Amino acid sequence: MGTISARYNGKKLSGALIEGNTSEMADVEDQTLLDGRFFTEGEDDRAAHVCILGHDAWDTLFDGQPALGKEIVVETGLYTVIGVSTRKSSPSAAAKTPTTTPSTSP
């Protein structure tokens, strides 16, 4: 877990929490999605650049507009949004990436 900045369409979010996760996220965390889905096993296997945005991150970057399928720029590259958490859920962003900092994937 760490903090990052993220950008989309000229908007910037600084100091967001980032947490690596796996396809088992839905089984072990009490998190509900407002929109989209959780990570798949295939995304784990290939360390796909996909993310689930926390509600506040989504609101800041997308002004409450649809985010699924859109790419955000994070310090470690481009990530496709596959989900948006409800307000009570955290972290601000969860991501899959090939680096070991934000991900538990090999």
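Everything quoted here is computed from the prediction, not taken from an experiment. When reading the values below, keep in mind they use all heavy atoms of this one structure, side chains included, and skip hydrogens, waters and symmetry mates.
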* To the nearest 0.5 Å, tell me how far Asn9 CG sits from Gln65 CD. => 11.5 Å
Nearest heavy atoms of [X] and [Y], plus distance in Å:
X     : Y     : answer
Gly54 : Ser85 : CA-CB, 4.1 Å
Ala67 : Val84 : CB-CG2, 4.4 Å
Ile72 : Ala6  : CD1-CB, 4.4 Å

* Who are the side chain to side chain donor-acceptor pair (under 3.5 Å) partners of Thr80, not counting sequence neighbours? ->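 Checked Thr80 against side chain to side chain donor-acceptor pair (under 3.5 Å); zero matches.
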Using a 4.5 Å cut-off on heavy atoms from C-beta on, say whether the side chain of [Y] contacts that of [X].
X     : Y     : value
Phe39 : Ile52 : yes
Trp58 : Leu34 : yes
Thr86 : Leu33 : no

* Asked: Between Glu43 and Arg37, does a salt bridge (Lys or Arg N to Asp or Glu O under 4.0 Å) hold up when you go through it step by step?
  -> CA-CA 12 Å; Glu43 289 163 341; Arg37 61 176 176 79; 2.6 Å; yes
* Structure fact -> The complete set of salt bridge (Lys or Arg N to Asp or Glu O under 4.0 Å) pairs with one or both residues in residues 60-81, sequence neighbours excluded, reads Lys11-Asp63
* Asked: Same hydrophobic cluster for Phe62 and Val73, using side-chain heavy-atom links shorter than 4.5 Å among ILVMFWY?
  ->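 No, Phe62 and Val73 fall in different hydrophobic clusters.
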* Side-chain donor/acceptor of His49 to backbone N/O of Leu78, under 3.5 Å -> yes
